[in-house]
Amino acid sequence: MEKIRLDKYLWSIRLFKTRSIASEAIDKGRVKMGGVAVKASRAVAIGDEYEVRTEARKWVIRVADLLSKRVQYSEAIKYYEDRTPEEELERISFQAASFHTGKRLSKVGRPTKKDRRDMDNFTTED
């Protein structure tokens, strides 16, 4: 039976971008098993269920198989079951729909070059 550290497993199934970020999240108590915070060195077993809070969302995952190296996303999703509650998924979809792109609305904000010229002509004309 192969032993895999929790931080390495969460990194390999692509819940975290780097292993150090996964380890840091575990140390901060953002990964729980049965409502209790766990350590990064904890050995992962098939059937374990974890609550993971990332920057983007909250996950509830169940370990389906062990994975020790990072693989592409389409392969990685085969190694866990996503058991995230429907309320969380709805909240995420609502946030995505109402996300502001950061682009300035037309005719709002700073004046265009033409607007500045018109204002200059208006104030300098006698």
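No hydrogens, no waters, no symmetry mates; every other heavy atom, side chains included, goes into these values.
Residues meeting the salt bridge (charged side-chain N to carboxylate O under 4.0 Å, His left out) test with Arg83, sequence neighbours left out: Glu49, Glu81. In this view, Glu24 and Lys28 satisfy the side-chain contact (heavy atoms from CB on, under 4.5 Å) rule, not counting sequence neighbours. Partners of Lys39 under the salt bridge (charged side-chain N to carboxylate O under 4.0 Å, His left out) rule, at least two apart in sequence or in another chain, do not exist in this structure. Take Arg19 and apply the salt bridge (charged side-chain N to carboxylate O under 4.0 Å, His left out) test, not counting sequence neighbours, and it matches Asp7. By the salt bridge (charged side-chain N to carboxylate O under 4.0 Å, His left out) test, Lys114 is found to be paired with Asp118, residues two or more places apart in sequence or in another chain being considered.
Residues Tyr80 and Trp59 have side chains in contact (heavy-atom distance under 4.5 Å, counting atoms from C-beta outward). Within the 4.5 Å cutoff, the side chain of Leu15 has heavy atoms near those of the Ile61 side chain. In this structure, the side chains of Ile26 and Arg42 stay at 4.5 Å or more apart for every pair of heavy atoms. The closest side-chain heavy-atom distance from Leu6 to Tyr50 is below 4.5 Å. The side-chain heavy atoms of Leu67 and Ile4, taken from C-beta on, include no pair separated by under 4.5 Å.
In this structure, Ser68 and Ser12 approach most closely via the heavy-atom pair C-CB, 4.5 Å. Residues Tyr9 and Leu66 come closest through the heavy atom pair CE1-CA, 4.4 Å.
A continuous path of ILVMFWY side-chain contacts below 4.5 Å connects Ile13 to Met33, so both sit in one hydrophobic cluster. Criterion: ILVMFWY side-chain heavy atoms under 4.5 Å apart, direct or through other members. Under it, Val71 and Trp11 are not part of a common hydrophobic cluster. Under a hydrophobic-cluster definition in which Ile, Leu, Val, Met, Phe, Trp and Tyr are linked whenever side-chain heavy atoms come within less than 4.5 Å, directly or via other members, Ile21 and Tyr73 are assigned to the same cluster.
Atoms CZ and CG, from Arg5 and Leu10 in turn, are 11.5 Å apart once rounded to the nearest 0.5 Å. In this structure, CD in Glu51 is found 10.0 Å from OG1 in Thr84, a value given to the nearest 0.5 Å.
For the salt bridge (Lys or Arg N to Asp or Glu O under 4.0 Å) condition, the pairs that include at least one residue of residues 53-66, sequence neighbours left out, are Arg57-Asp82.
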Inset, instruction - May I have the step-by-step check of side-chain contact (heavy atoms from CB on, under 4.5 Å) for Val60 and Glu88, ending in yes or no? - result: CA-CA 10 Å; Val60 178; Glu88 180 68 16; over 6 Å; no
